[in-house]
2 protein chains.
Amino acid sequence: MCNVPIMKMGAGVEWGIHCCLTLAWLEGAGPVPIGRLARWFDLPPEYLKKRLQLLARAGILESTPGVQGGFSLGRRPERITLMDIVAALEGSAGPFQCTEIRQRGVGGHGAEFTGDCSIKTAMRRAELAWRRELAAQSIADLMASAPPASAERTRRRYADLASG
Amino acid sequence: MCNVPIMKMGAGVEWGIHCCLTLAWLEGAGPVPIGRLARWFDLPPEYLKKRLQLLARAGILESTPGVQGGFSLGRRPERITLMDIVAALEGSAGPFQCTEIRQRGVGGHGAEFTGDCSIKTAMRRAELAWRRELAAQSIADLMASAPPASAERTRRRYADLASG
DNA sequence: GGGTACATACTCGGATAGTGGCTGTCCGAGTGTCAGAGG
DNA sequence: CCTCTGACACTCGGACAGCCACTATCCGAGTATGTACCC
């Protein structure tokens with residue numbers, strides 16, 4: 001029971017962030033096709049494609065069709081926050097959905113109160129703290145916190161992957 | 001698509017908080033049976049029972065069997081935080097489950113890095129901010145932020161519900 | 001009158017569906033690149 | 001040498017099935033109260 005997540009977040013979020021980080025390191029080498037990214041992380045290509053399409057639709061990634069097309073970063077790594085990626089992949093609604101049960105049933109207040117119930121407010125406050133932390137972290141920050149050799153190694157391995 | 005929650009949290013959380021708040025206001029009037037709470041909020045009794053059982057197992061509520069039994073608060077309202085309720089109902093694992101995809105596939109680092117990946121760290125930081133906010137809010141705080149007449153009205157309506 | 005047995009009203013725990021979202025796959029359509037044929 | 005045409009390698013978007021957690025319900029068992037019955 002203790003392995004059940006408090007709030008479930010799709011696996012695509014982890015995929016998306018990793019792909020953005022990799023694309024950031026591979027910037028300048030041209031678009032990266034889905035198949036290569038999927039082999040890179042050993043992920044199902046078709047489903048990964050769906051996730052990256054969402055990121056492209058949000059402007060986080062850029063997709064170029066054609067024979068040498070693929071996905072590349074849609075804007076500078078400093079301007080891509082984790083919040084952007086999460087919102088693009090999972091939607092914009094918060095984790096706590098207030099169904100206003102206080103207004104139903106015998107004990108309900110009916111339309112007596114028009115303001116938000118205090119529970120909704122309290123949960124929203126926590127959610128905002130979470131969003132703020134996510135928005136404060138950009139892809140560039142993740143790049144900076146990684147070992148200095150990461151960029152070089154990523155480019156080298158990608159070259160091997162492209163040639164092999 | 002914009003109605004899809006970022007992280008899904010079960011509806012039982014809202015139920016649980018509302019029930020705790022109601023039980024706090026009804027303290028001193030003896031245990032409240034499930035059927036009455038369910039009618040109070042117009043919720044399915046059997047499923048609500050399952051949720052409150054989880055709260056009782058966590059020590060947040062106290063359940064007394066027998067003919068005049070029911071649920072009551074397991075400890076003082078000041079010592080029941082929203083984090084306690086959420087953790088008891090949804091489990092203790094975080095929303096972001098790092099599956100370490102960086103270690104898989106062609107581009108993976110294998111066992112090269114033993115530390116946590118920076119993505120996991122960043123997501124955990126946001127999650128901790130969320131937890132901290134939830135832990136800072138207690139049932140007593142919610143009671144204090146409600147209109148002063150709430151306690152009296154709750155007790156009066158409960159008396160009507162019990163007699164009717 | 002006092003003690004015992006039974007009915008009652010609850011909770012506890014397990015077993016069992018229904019439902020919706022996430023996961024994963026397949027297919028047709030559109031688009032840009034490149035090679036090759038023809039002028 | 002230049003241009004046009006076709007093959008190719010991608011992305012885009014929709015349709016579809018499988019799986020799992022949440023939701024919801026039912027049933028038997030346990031427990032405390034309250035009453036009725038018997039001595």
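Sequence lines set the chain letters: A, B, ... in the order given, protein chains first and strands last, and positions in each chain run from 1. We use all heavy atoms of the structure for the numbers below, so side chains are in, but hydrogens, waters and symmetry mates are not.
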- [ ] Measure from CD on E90(B) to C1' on dT23(D) and round the result to the nearest Å.
- [x] 12 Å

Task: Candidate nucleotides dC26(D), dC10(C), dT25(C), ranked by approach to the side chain of E46(A) - the nearest - done: dT25(C)

- [ ] Let me know which of I139(B), L142(B), L23(B) forms a side chain to side chain contact (heavy atoms under 4.5 Å, CB included) with I80(B).
- [x] I139(B)

Task: N/O donor-acceptor pair under 3.5 Å between E14(A) side chain and T99(B) backbone - done: yes

Task: Length of the line joining Y47(A):OH and dG14(D):C1', which is rounded to integer Å - done: 16 Å

Open item on the list: What's the closest nucleotide to the side chain of P33(B) if the choices are dC10(C), dG13(D), dC8(D)?
Closed with: dC10(C)

Task: Smallest separation among heavy atoms of A129(B) and E133(A), with atom names - done: CB-CG, 3.5 Å

Task: Whole-Å distance separating the CH2 atom of W15(A) from the P atom of dC22(C) - done: 13 Å

Task: Ring centres under 6.0 angstrom apart (W25(B), Y158(B)) - done: no

- [ ] Could you check which of dG30(C), dC26(C), dG14(C) has an atom nearest any side-chain atom of P65(A)?
- [x] dG30(C)

- [ ] Please state how far atom CD in Q53(B) lies from atom C1' in dC10(C), giving the value in whole angstrom units.
- [x] 12 Å

- [ ] Would you mind classifying the nucleic acid contact of Q68(B) as base, sugar-phosphate or nothing, using non-hydrogen atoms under 4.0 angstrom?
- [x] nothing

Task: Distance-minimising heavy-atom pair for L48(B) and C19(B) - done: CD1-SG, 4.0 Å

Task: Atom-pair distance (CG on L54(A); P on dG21(C)), nearest Å - done: 15 Å

Open item on the list: Among dA9(D), dT23(C), dC26(D), which nucleotide has an atom closest to any side-chain atom of A11(A)?
Closed with: dT23(C)

- [ ] Kindly say whether, by distance alone, the side chain of K49(A) makes a donor-acceptor pair under 3.5 Å with the base of dG24(C)?
- [x] no

- [ ] Using a cut-off of strictly less than 4.0 Å, decide whether R51(A) has a side-chain nitrogen or oxygen near OP1 or OP2 of dG24(C).
- [x] no

Open item on the list: Go nucleotide by nucleotide along DNA chain C from the 5' end; which of G66(A) and L52(B) gets its closest nucleotide reached first?
Closed with: L52(B)

- [ ] Rounded to the nearest angstrom, tell me the gap between atom CD1 in I34(A) and atom P in dT25(C).
- [x] 13 Å

Task: Whole-Å gap separating P (dG21(C)) and CE (M9(B)) - done: 17 Å

- [ ] Can you tell me the distance, in whole Å, between the CD atom of Q97(A) and the C1' atom of dT23(D)?
- [x] 16 Å

Task: Of the listed nucleotides dA15(D), dG24(C), dG13(C), the one nearest the side chain of K50(A) - done: dA15(D)

